[in-house]
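Chain naming here is simple, since letters A, B, ... match the order of the sequence lines and numbering starts at 1 in each.
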Amino acid sequence: MPELPEVETIRRDLEHELVGRVVQSLQIRDRRLMKTAEQKRWELNAVGRAWTAIERRGKYLVVQLEAGWRIILHLRMTGQLVLGKDRPQSYRMRLTFDNGNELSFYDQRRFGEVWLLAPGQAWPSKSDLGPDALKELTQDMFISLVKKRTTRIQPLLMDQRLISGVGNIYAQEALYKASIRPSRPGRSVSRSEATRLYKALQETLQTAIAHRGSTSRNYRDAYDQEGSAQSLHAVYRKGGQPCVRCRGPLRAARVGGRGTVYCPRCQK
DNA sequence: CGGGGCTCCTGTGCGC
DNA sequence: TGCGCACAGGAGCCCC
């Protein structure tokens, strides 16, 4: 599910509802998510602490707790963080706060991950994250990064070590907007094309946030509501349908092991 | 460095 | 209707 715009939407919802609140208890239903020893560590160190800030790095959510502890969450494909009481019992983890509010972590495919980090403890991502696509990536950084690689441009956009936050939906949409084929080697993308792509990416991500993310299947915001950015999609999952620009059929292909859709006439 | 394939899971949609 | 297969917003790992 969630790429940068979806995670940012959830972040804002949680910030609004939970900053300043104190965790009162936690329930775990998925032993794969957290083993008994780890659960004890959470009860000792996360329960009783207030949430002081909620940040985002790429597709990760970072919850700052009192005294320098941090909770890191990654929703992978189908993770959901939903506020409110009387939600379904199929949660993997649930936190209860001092005002009675609850936060439930649902995850159909169970790829999502959660960490509790002690003060100063290392970031859990195996490989370091590249600059955040919206907050840190500048046009110059983007151009030099693209020109340096022989990798195809779509997998390049989605490589979290190079740029963090972009996934399969928004990579496809930005490439369409910039009229560049997903399979083009980075190095073959000219300066002016890269500039166009940078701007398309920024605009795509910002507009998606303004629409509270894309709900294709599983994604819901923290209030369990769907986003509406999917109504803006020009190519994602639209193989065979007419291109909105030239009316020719969009083509479905595989690039870097992932499905992608592009317009063979508009995207060079 | 790059690319392909497989893995972790569960659910859906399609062709036969 | 049933069955099997491909594929799905992610990402790490292994091998070539």
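- Between A:Tyr106 and A:Tyr91, the two ring planes are perpendicular [angle over 60°; tilted spans 30° to 60°].
- For the OP1/OP2 pair of B:dG11 and a distance below 4.0 Å, the side-chain nitrogens and oxygens of A:Gln108 include no atom meeting the criterion.
- We find that A:Glu193 and A:Lys268 are not joined by a salt bridge, their nearest charged nitrogen and carboxylate oxygen being 4.0 Å or further apart.
- At the phosphate of B:dT10, OP1 or OP2 sits under 4.0 Å from a side-chain N or O atom of A:Arg110.
- If you take CG of A:Asp128 and C1' of C:dG12, they are 14 Å apart, rounded to a whole angstrom.
- At a threshold of 4.0 angstrom between heavy atoms, the contacts of A:Arg187 with the nucleic acid are absent.
- Side chain of A:Asp224 to main chain of A:Val82: no donor-acceptor pair is present (N/O by atom type, distance under 3.5 Å, no hydrogens or angles).
- Residue side chain A:Phe111 meets the stacking definition with respect to C:dG10: its ring centre sits within less than 5.5 angstrom of the base's six-membered ring centre, and the planes differ by less than 30 degrees.
- Between A:Trp115 and A:Tyr60, the two ring planes are tilted [angle within 30° to 60°].
- Pair assignment for B:dC9: none, as no Watson-Crick or G-U wobble contacts are both less than 3.5 Å.
- A donor-acceptor contact closer than 3.5 angstrom links the side chains of A:Gln154 and A:Thr260.
- Dashed line: the shortest gap from a side-chain N or O of A:Arg32 to OP1 or OP2 of B:dC8 is not under 4.0 Å.
- In terms of phosphate contacts, A:His74 brings a side-chain nitrogen or oxygen within less than 4.0 Å of OP1 or OP2 of C:dA11.
- Following rounding to the nearest Å, A:Arg109 (CZ) and B:dT7 (P) show an atom-to-atom distance of 14 Å.
- For A:Asn218 and C:dC7, the CG to P distance is 19 Å, given to the nearest whole Å.
- The distance from atom CZ of A:Arg217 to atom C1' of C:dG10 is 15 Å, rounded to the nearest whole Å.
- Nucleotides C:dG10 and B:dC1 place their C1' atoms 22 Å apart, quoted to the nearest Å.
- Going from atom CG of A:Asp159 over to atom C1' of C:dG10 covers 12 Å, rounded to whole Å.
- Between A:Lys40 and A:Glu43, no side-chain nitrogen of the basic residue sits less than 4.0 Å from a carboxylate oxygen of the acidic one, so the salt-bridge criterion is not met.
- Distance check on atom P: C:dA6 versus B:dG5 gives 13 Å, rounded to whole Å.
- With hydrogens and angles left out, the side-chain atoms of A:Tyr262 and A:Ser183 include no donor and acceptor closer than 3.5 Å.
- Remark: A:Lys59 is in phosphate contact with C:dA11, judged by side-chain N or O atoms under 4.0 Å from OP1 or OP2.
- Here the side chain of A:Thr151 is nearest to one of C:dG12, C:dA11, B:dG2, namely B:dG2.
- At the heavy-atom level, A:Gly213 lies nowhere under 4.0 Å from the strands shown.
- Listed candidates were B:dG2, B:dG3, B:dC8. Nearest to the side chain of A:Thr150 is B:dG2.
- For the segment residues 198-209 of chain A, no residue has any heavy atom less than 4.0 angstrom from an atom of DNA chain B.
- Spacing between B:dC6 and C:dC5 at atom P, rounded to whole Å, works out to 14 Å.
- For B:dC9, neither phosphate oxygen OP1 nor OP2 lies less than 4.0 angstrom from any side-chain nitrogen or oxygen of A:Arg92.
- Remark: C1' of C:dA8 and CG of A:Leu75 are 16 Å apart, rounded to the nearest angstrom.
- Looking at A:Arg212, its side chain never comes within 3.5 Å of a backbone N or O of A:Ala229 through a donor-acceptor pair.
- Across all strands, A:Arg149 comes closer than 4.0 Å only to sugar-phosphate atoms, never to a base (heavy-atom distances).
- Rounded to whole Å, the distance from CZ on A:Arg258 to C1' on B:dG2 is 17 Å.
- Of the candidates C:dA8, B:dC8, C:dA11, the closest approach to any side-chain atom of A:Arg254 belongs to C:dA8.
- Residue-level contact check: A:Gly257 touches neither bases nor backbone, having no heavy atom under 4.0 Å from any strand.
- If you measure from atom CZ of A:Arg57 to atom P of C:dA11, you get 13 Å, rounded to the nearest angstrom.
- Comment: A:Arg87 does not engage A:Glu102 in a salt bridge, judged by the lack of any side-chain N to carboxylate O separation of less than 4.0 angstrom.
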